[in-house]
Number of protein chains: 2
Amino acid sequence: MGTNNPQINQEEIKAVPFVADESIEWENVAPGMNRKIMGYDGRVMLVKVSFEEGAIGALHSHYHTQISYVDSGSFNVEIDGKHQILNKGDVFYVAPNLVHGVVCLKEGMLIDVFSPMREDFIKASVY
Amino acid sequence: MGTNNPQINQEEIKAVPFVADESIEWENVAPGMNRKIMGYDGRVMLVKVSFEEGAIGALHSHYHTQISYVDSGSFNVEIDGKHQILNKGDVFYVAPNLVHGVVCLKEGMLIDVFSPMREDFIKASVY
């Protein structure tokens, strides 16, 4: 969090083929949860979300398909009322409009993919 | 490669919310390159691609948007004639129809995301 690396703004990301991890600043989105939007176009967006142990991605839903990859750590994932503990290397798929959320059991990171892209993330970053 | 875990067939993946890494078999797709299709619907697909050092993802293009996350290892990535070395945590974005490829410099894995999904991957697996 809070390095001195130059930050790429959201509009530029869209056109950048190569995105170094350290070129994007972490953005705090909830207690113990930080996010980096790594790339997108209208069709798809890839986002890193880091979680401290105990951090909660609250239950919510959206019309976008979501596929998430567990990069590290351990998570109790809830989708449409079903729970599963997922660890490094596992994946979950959230069909459009299903209620879902996570509780972080062990510090780690999810790679969240959305299709189409999350316009709401970009607006939130700009305004 | 070649564990005795039950394999989820391609049609089932589509509807499975929770996908354990070990439930999917590696599929050899090129020398030193193996793939697991982890989840998809019509909009988007998430695929793991493991590379041995020296393995080559040959230059090619497709109409899908691709965003790839470097899960581990080191890769020389070429997109539209530009080269960049990317390491764990970095991302690359391939706009539709741009010629791209990778050379693995250090054993590792990419998380490849495609939008829309790669119908050609599913056909190749079924037939």
Side-chain angles (χ1 to χ4, degrees), chain A residues 8 13-24 36-48 50 63-72 75-96 98 100 109-117, chain B residues 8 13-24 36-48 50 63-72 75-96 98 100 109-117:
Chain A
I8 296 174
I13 288 174
K14 193 173 173 179
V16 171
F18 306 114
V19 182
D21 183 40
E22 65 270 17
S23 69
I24 313 283
K36 291 190 186 193
I37 299 172
M38 297 300 290
Y40 67 93
D41 63 13
R43 291 177 174 171
V44 61
M45 175 182 273
L46 188 147
V47 177
K48 295 183 177 187
S50 72
Y63 76 89
H64 316 74
T65 293
Q66 178 176 338
I67 305 182
S68 295
Y69 167 69
V70 182
D71 175 80
S72 54
F75 297 85
N76 188 333
V77 181
E78 178 175 342
I79 302 173
D80 197 28
K82 301 180 189 76
H83 289 260
Q84 182 85 29
I85 293 175
L86 298 179
N87 302 300
K88 178 173 176 55
D90 298 336
V91 164
F92 60 93
Y93 167 83
V94 186
L98 290 190
H100 60 286
M109 188 166 71
L110 297 178
I111 304 295
D112 284 349
V113 172
F114 302 99
S115 182
M117 62 92 90
Chain B
I8 297 175
I13 288 173
K14 194 172 173 180
V16 171
F18 306 114
V19 182
D21 182 37
E22 64 271 17
S23 69
I24 314 282
K36 291 190 187 193
I37 299 173
M38 298 298 292
Y40 66 92
D41 63 11
R43 290 176 174 172
V44 63
M45 174 183 274
L46 188 146
V47 177
K48 295 183 177 188
S50 72
Y63 75 90
H64 317 73
T65 294
Q66 178 177 338
I67 306 182
S68 295
Y69 167 68
V70 182
D71 175 80
S72 54
F75 297 84
N76 189 332
V77 182
E78 178 174 342
I79 302 173
D80 197 26
K82 301 180 189 76
H83 288 260
Q84 182 84 31
I85 292 174
L86 297 179
N87 301 300
K88 178 173 175 55
D90 298 336
V91 164
F92 61 91
Y93 167 82
V94 185
L98 290 190
H100 59 285
M109 190 166 72
L110 298 179
I111 304 296
D112 285 348
V113 172
F114 301 99
S115 182
M117 63 91 89

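Just so we're on the same page: letters track the sequence lines, and every chain starts at 1. Remember, it's a predicted structure, so these values are computed and weren't measured experimentally.
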- Give, for atom OG1 of Thr65(B) and atom CG of Leu46(A), the distance between the pair rounded to the nearest 0.5 Å. 12.5 Å
- Item | Rounded distance (nearest 0.5 Å) linking atom NZ of Lys88(A) with atom CG of Asp71(B) | 4.5 Å
- Are the side chains of Lys48(B) and Tyr69(A) in touch, meaning some heavy atoms are under 4.5 Å apart? yes
Highest number of heavy-atom pairs under 4.5 Å with chain B: which of [options]?
options                                 : answer
Val91(A), Asn87(A), Leu86(A)            : Val91(A)
His100(A), Arg43(A), Met109(A)          : Arg43(A)
Val77(A), Val44(A), Asp90(A), Val113(A) : Asp90(A)

Restricting to non-hydrogen atoms, name the atom on [X] and the atom on [Y] that form the minimum distance, rounded to 0.1 Å.
X        : Y        : result
Gly89(A) : Asp21(B) : O-CB, 3.4 Å
Gly39(B) : Ile67(A) : O-CD1, 3.5 Å
Phe18(A) : Lys82(B) : CZ-O, 3.4 Å

- Stepwise side-chain contact (heavy atoms from CB on, under 4.5 Å) test for Tyr93(B) and Asp41(A): CA-CA 9 Å; Tyr93(B) 167 82; Asp41(A) 63 13; 2.7 Å; yes
- Query: For Ile111(B), is it the side chain, the backbone, both or neither that has a heavy atom under 4.5 Å from a heavy atom of chain A?
  - Reply: side chain
